[in-house]
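To keep things clear, I will list the structure first and then write my remarks on it.
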Protein chains: 2
Amino acid sequence: MTGPGLRERKKQRTRDALLRAALELFTTKGYEETTVDEIVEAVDVSQRTFFRHFAGKQEAAFAMQEMVEARFMRALRERPAGEGPLAALRGAVLGSWDAVGESIEAIVPVELHMRTYQMIESTPSLLAVHMRRSIEMEEQIAGVIAEREGVDLATDSRPRVAVAAFSGVMRVTGRMWGAGEDISVASIRAITETYLDHLGPALAEDWREH
Amino acid sequence: MTGPGLRERKKQRTRDALLRAALELFTTKGYEETTVDEIVEAVDVSQRTFFRHFAGKQEAAFAMQEMVEARFMRALRERPAGEGPLAALRGAVLGSWDAVGESIEAIVPVELHMRTYQMIESTPSLLAVHMRRSIEMEEQIAGVIAEREGVDLATDSRPRVAVAAFSGVMRVTGRMWGAGEDISVASIRAITETYLDHLGPALAEDWREH
DNA sequence: GAGGTTAGAGTCAGTCGCTGACACTTGACA
DNA sequence: TGTCAAGTGTCAGCGACTGACTCTAACCTC
């Protein structure tokens, strides 16, 4: 019950400090304009130390995203079995936004995290990585959905297709939110809800009916 | 009617040679394992010349994709007005695969292009860029769809949502194709068709009905 | 067809992200 | 208390990419 030792705590402190410094610099100066040397200078460690904690500049930018995504996956797995695929996904996303504070506040303020997210959306090279990461997550999500619905992922393409459509909407959501003025969690939550509502109608063959 | 002059033709020749050398090296040695120095050595030009023709290593990897995508956009715009959004998109993709030869064969063989595509799908850093590029294209597609349907993109989210779902399916298609054995155009065309057929059913709330 | 103009290519020096190798310091633990 | 090893610093080097400068040859004009 002694918890992590002094060495471990020191290491964690260094990592957290690097992360905060990096995100603060990224969101104020811009990602491309921030050099690793500037980050390590702010924390007063060597460049090598940065690369021991993070595989690269990019990884630092996505460290918080990773925690949030892990939370989302857990939320999805805990959804009631009665819900259909899209209802479960919807519940898990909205729930994750409601609980974003608990996911990350121990390391960085929510406000900095939201600024980071917006920076990712508006920085081409990071947006690219963001997209690839969400694809990797799609595969996991499809697995969970297939299990929930009791279908075989290897022979049934519906889980992947449904998740792909859902993720497509999430992507648009992120884009629209990032392009707007309101950076708040409430804002992205609301946009998410609206866009998910539009998924059904949008796929109808004739839009003029509605 | 004299066409491009000698200078212009020389320039184009250098570019084409660089492109072919790059794609050949990328697909045989691997993208990350290929250095720009190796590419320029194969063509016997200076490194600086490479960077005058391509903004970076990545741009070379996507040069052919860009041509194919341009063709797709044109095909989409030329679809009969009677078709619904998804039918038009479907027709444009399948048509583009049928005509991929005409799009690119003047510069690289179709077979090399397909190998390149597979390499993109299996190289993380390129996959990331590929995803970002398709998002950028989504925006254009949404514009065309909105126009076709006579709705306002600024106030109506259905074009973007429909396109997002469609693109999601295209992404899965690419992934599944790239992971398989058959690298042929016929193969990806068939997969595309199947997966698009699954989009409707996959979004139904209860999969057990079908 | 000579001569000035300029686009395209070469050279060189430098920045930035990132890595491997080696040495040092200081918690951890017997 | 002494040994071990995790975490860090230092240094040298690679690969992608850029800016500044020079040179060459296609071009355009007279």
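Because the structure is a prediction, the values reported are computed rather than measured. So you know, we letter chains A, B, ... as the sequences are listed, proteins then strands, and number each from 1.
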Using 30° and 60° as the class limits, which term best fits the ring planes of [X] and [Y]: parallel, tilted or perpendicular?
X      : Y      : value
B:Y117 : B:H130 : perpendicular
B:H198 : B:Y195 : parallel
B:Y31  : B:F26  : perpendicular

By nearest-nucleotide position on DNA chain D, the 5'-leaning member of B:E8 and B:F50 is B:F50

Upstream residue (5' side of DNA chain D) when A:R52 and B:T34 are each assigned their closest nucleotide: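 Of the two residues, A:R52 wins.
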
Just to be sure I understand the rule, does B:T35 reach a base, reach only the sugar-phosphate, or reach nothing, if contact means heavy atoms closer than 4.0 Å? sugar-phosphate

Applying a 4.0 Å non-hydrogen cut-off, can you work out what A:T49 is touching in the nucleic acid: base, sugar-phosphate, or nothing? sugar-phosphate

Integer-rounded Å distance: [N] [atom2] and [X] [atom1]:
X     : N      : atom1 : atom2 : value
B:Q58 : D:dG15 : CD    : P     : 18 Å
A:E38 : C:dT15 : CD    : P     : 14 Å
A:R9  : C:dT26 : CZ    : P     : 17 Å
B:Q12 : D:dA26 : CD    : P     : 17 Å
A:R15 : D:dA6  : CZ    : C1'   : 17 Å
A:L25 : C:dG17 : CG    : C1'   : 16 Å
B:F51 : C:dC12 : CZ    : P     : 18 Å
A:E59 : C:dG17 : CD    : P     : 15 Å

Distance col, row B:R132:CZ vs B:L127:CG, nearest 0.5 angstrom, shows 12.5 Å

So, are A:K29 and A:E38 salt-bridged, with charged N and O less than 4.0 Å apart?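 Salt bridge between A:K29 and A:E38, a charged N being under 4.0 Å from a carboxylate O: yes.
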
Does a side-chain N or O from [X] land closer than 4.0 Å to OP1 or OP2 of [N], or not?
X     : N     : result
B:H53 : C:dG8 : no
B:K10 : C:dG8 : no
B:T14 : C:dG8 : no

Nearest-nucleotide wise, let me know which of A:Y31 and A:R48 is further upstream toward the 5' end of DNA chain C. A:Y31

Quick note, B:R7 side chain, CB onward, closest among C:dG10, D:dA16, D:dC27 is D:dC27

Of all the choices, D:dA16, C:dG10, D:dA5, which nucleotide is nearest to the side chain of B:V45 once you look at every atom? C:dG10

